[in-house]
2 protein chains.
Amino acid sequence: MRLLDVARLARVSTMTVSRALRHPEQVAVSTLRAVQVAIAQLGYLPDSAASALATGRSRIVAAIVPTLMNSVYASTVHGLASVLRRAGYELMLGDSGYHAPTEAALVRSFLGRRVDALVLTGVEHDNATRELLARREVPVVEIWDLTTKPIDTVVGFSNVAAGREVGRYFQAHGRSRWAFVGTSPERESRSGKRLLGLREAARQAGLDAPLTAFVTDGMSPAAGHAAVLDLLRLQPVPDALFCANDALATAALRAAADRGLSVPRHIAVLGFGDFDVAAHTSPALSTVRIPGRVIGERAAKALLARLEGSGAGDRRIDVGFEIVVRESA
Amino acid sequence: MRLLDVARLARVSTMTVSRALRHPEQVAVSTLRAVQVAIAQLGYLPDSAASALATGRSRIVAAIVPTLMNSVYASTVHGLASVLRRAGYELMLGDSGYHAPTEAALVRSFLGRRVDALVLTGVEHDNATRELLARREVPVVEIWDLTTKPIDTVVGFSNVAAGREVGRYFQAHGRSRWAFVGTSPERESRSGKRLLGLREAARQAGLDAPLTAFVTDGMSPAAGHAAVLDLLRLQPVPDALFCANDALATAALRAAADRGLSVPRHIAVLGFGDFDVAAHTSPALSTVRIPGRVIGERAAKALLARLEGSGAGDRRIDVGFEIVVRESA
DNA sequence: TTGTAAGCGTTATCAC
DNA sequence: GTGATAACGCTTACAA
């Protein structure tokens, strides 16, 4: 079932069919109609591999997120996919498992697929990744963090600033013994940057550096529960806990209860991400809300501008964040 | 940067380079080495669009899930992607928003991309979808439900049986006034089938039909909280509540607390999905665990068998489910 | 407004 | 073991 079949049935050339599909305004109305009838009759679907080969554009965008296993990046992927699809692009998705070599392997595979653009999560990348990217001219958007030196364009928020704001919030509410659960900043992770911000706020407030509990095997509630339990064994017991995501925070709520601590009276718990369960735990979780979907949409629009339009546009888009105050802090 | 560039540098023909990549065993070792050097030197990456055109296989598999917005299908997508990638396939993802026409549009778009296979969630599909599929010979795997008449292959579990088992569990624990929150069975949804199973169990136990609260705008905790609050206003108050997913169940826990009801003493709450927060709510959530990742892996393997191997293999794979007893029921 | 011809980068086929 | 040639289905450029 190819262009030629349609062309024969409609008694025109393949070019006319191609035009009827791509630039209908350039085709006489009667011809257009005949072609459309033929297409419907045959159930013809254009072969985008052939189209990609002929035009040099695949109309595929690839995105790499750290994990598909929880909902953190789900709304971002959704935002990306829906804006792109409306513009006729498909999304190819990969998860790096927070693992740089895997990211590089994915980038390589996607470049081989001749994707028209790439979305990468975070601003820290392998040398392998950077080299791969440097050799070709693929638009790249980095998301979920901010930097002054993006590969190309970055859409996100400052993880450091988020941590700092959380610290200021704790301070404003009279908390003085802060703690943090998440991943360590050595990994240059986004979670680690939040701790950096918290530490900075502690220093500015003249408080001791926050206690820390690092989880290594993913930021799941299971890992968080044990880590928080350990943290709460320390003396003096912290009176404010910042969790690098809401899954961790949910587990922290439970861990506090297990230790006989009342939230927020004995200890304030503040999450990150505003997962959909956050509003419905008891106590309801105070958290940092990130406009994940907006990140996806803005990233998609930035790409489309590069792909279809002029090529200009902001190189650095800060979507911000917001502390959502509920009951736990 | 194409095959020809590599060929020139290695002083061989393009075919030899192609073979060195695809069938290295057919190439003399010395030639192979020369080619590899040239490839590395140029940073050459094969163009898979051209390859797809020449071979008629894209090495892309498309999957359509109802939503990317929560983590329900995340582990399935992860399982799919990882098995497929190991075999050299990429995943193209779409979300239908639980909307049949959207599913059809996605199928159409994916078929145009000449995907080698399709994964669809659920076993109920549009006529448009079915027709599209009938015209070509693309392997299709349906997931997350079971039917005796799959389009091709189905990998999942019986949603009706899951609902029935939950009912039996309630009965075994002396609960007599059952209730359900989720979507209505008229939509032939998987959530609705769970209610069908619960109703069947109620009938068999000689109990009244379960009270129901249907959510329409997605199965989010926000929708669940209001629905459950309404449900608990009824007299007599139900003593067992089955929620169509754990997000709903988390909200139900909170709603019960809001109404002064103790869980599980006054009312048992049983979720569905074993989301990662389930083990860490208070009370910890009893739930139905679905091996989501296994569904993805088995689906991928079924596809690979069809694509690479003989073509035989089971047409119906039941991965089962399991009631995980924690504190809430 | 429509058609012709060439070519996109790869691989199947067949010859050497 | 290696190479020449002809597709694969589409679109660009140009001609009519």
Side-chain angles (χ1 to χ4, degrees), chain A residues 1-36 38-39 42-60 88 90 109-116 135-137 308, chain B residues 1-36 38-39 42-60 88 90 109 111-116 135-137:
Chain A
M1 200 80 342
R2 45 210 213 294
L3 221 40
L4 185 59
D5 299 310
V6 179
R8 279 207 263 256
L9 187 59
R11 303 179 162 286
V12 294
S13 73
T14 60
M15 253 331 285
T16 301
V17 180
S18 175
R19 270 193 283 259
L21 251 18
R22 237 47 75 180
H23 311 283
E25 73 286 358
Q26 295 178 15
V27 172
V29 200
S30 58
T31 318
L32 185 57
R33 197 141 29 221
V35 171
Q36 284 165 341
I39 288 177
L42 296 174
Y44 168 76
L45 279 183
D47 183 329
S48 43
S51 170
L53 188 58
T55 59
R57 343 256 283 80
S58 62
R59 300 194 78 84
I60 296 176
E90 269 329 314
S109 168
F110 289 146
L111 289 175
R113 303 262 173 196
R114 298 296 188 264
V115 297
D116 289 344
R135 295 221 198 193
R136 15 235 125 199
E137 293 187 344
E308 326 249 80
Chain B
M1 200 82 341
R2 45 211 216 292
L3 221 39
L4 185 59
D5 300 310
V6 179
R8 280 206 262 257
L9 187 60
R11 303 181 162 286
V12 294
S13 72
T14 59
M15 256 329 285
T16 302
V17 180
S18 176
R19 271 193 282 259
L21 252 17
R22 238 45 78 181
H23 310 283
E25 74 285 358
Q26 296 179 16
V27 172
V29 201
S30 58
T31 317
L32 186 57
R33 196 141 29 222
V35 170
Q36 284 165 340
I39 287 176
L42 296 174
Y44 167 78
L45 279 183
D47 183 329
S48 42
S51 172
L53 188 58
T55 59
R57 341 255 284 77
S58 61
R59 300 194 79 86
I60 296 178
E90 264 338 308
S109 167
L111 289 175
R113 302 238 175 220
R114 298 297 188 266
V115 297
D116 289 345
R135 297 221 198 190
R136 16 235 124 197
E137 293 187 345

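Heavy-atom basis, side chains included; hydrogens, waters and symmetry copies ignored. The sequence lines fix the lettering, A, B, ..., with proteins before strands; numbering per chain opens at 1.
Between the CG atom of B:Asp47 and the P atom of C:dC8 there is a distance of 12 Å, rounded to whole Å. Atom CG in B:Leu53 sits about 4 Å away from atom C1' in D:dC8, given to the nearest Å. What separates CZ of A:Arg114 from C1' of C:dG9 is a distance of 9 Å, to the nearest Å. Put simply, CE on B:Met15 is 12 Å from C1' on D:dG1, counting in whole angstrom units. Rounded to whole Å, the distance from CG on B:Leu4 to C1' on C:dT10 is 12 Å. B:Arg22 has its CZ atom 9 Å from the P atom of C:dT10, to the nearest Å. Regarding A:Ile39, its CD1 atom lies at a distance of 16 Å from the P atom of D:dG9, rounded to whole Å. We find that CG of B:Leu3 is positioned 7 Å from C1' of C:dT10, with the value rounded to whole Å.
OP1 and OP2 of D:dT2 both lie 4.0 Å or more from every side-chain N or O belonging to B:Ser13. Residue A:Thr14 has no polar side-chain atom (N or O) positioned under 4.0 Å from OP1 or OP2 of D:dG9. Using a 4.0 Å cut-off, no side-chain N or O of B:Ser51 falls inside it from OP1 or OP2 of C:dT10.
When distances are taken from the side chain of A:Ala54 to each of C:dA12, C:dT2, C:dG7, the shortest belongs to C:dG7. When each of C:dT4, D:dT2, D:dC10 is scored by its nearest atom to the side-chain atoms of A:Tyr44, the top-ranked nucleotide is D:dC10. For B:Thr16, the listed nucleotide lying nearest its side chain is D:dT2; candidates were D:dT11, D:dT2, D:dG9. The side chain of B:Val12 has D:dG3 as its nearest neighbour among D:dT12, D:dG3, C:dG9. Taking only side-chain atoms of A:Thr31, from C-beta outward, the nucleotide of C:dT11, C:dT1, C:dG7 with the closest atom is C:dT1. Checked against D:dT2, C:dT10, D:dT5, the side chain of B:Ala28 finds its nearest nucleotide in D:dT2.
In this structure a side-chain-to-backbone donor-acceptor pair under 3.5 Å is missing from B:Thr14 to B:Leu3.
Nucleic acid contact for A:Arg19: base, since at least one base atom lies under 4.0 Å from a heavy atom of the residue. Residue B:Ser48 is out of contact with every strand shown, counting any heavy-atom pair closer than 4.0 Å.
Among residue pairs with one or both ends in residues 49-60 of chain A, those qualifying as side chain to side chain donor-acceptor pair (under 3.5 Å) are A:Arg57-A:Asp116, A:Ser58-A:Asp116; sequence neighbours excluded.
Note that CZ of B:Arg135 is 8.0 Å distant from CG of A:Leu42, once rounded to the nearest 0.5 Å. B:Gln26 CD to B:Met15 CE: the interatomic distance, rounded to the nearest 0.5 Å, is 8.5 Å.
Within a 6.0 Å radius of CZ in A:Arg11, other residues, nucleotides and ligands contribute 12 heavy atoms or fewer.
Each of B:Val27 and A:Leu45 has a nearest nucleotide on DNA chain D; the 5'-most of these lies closest to B:Val27.
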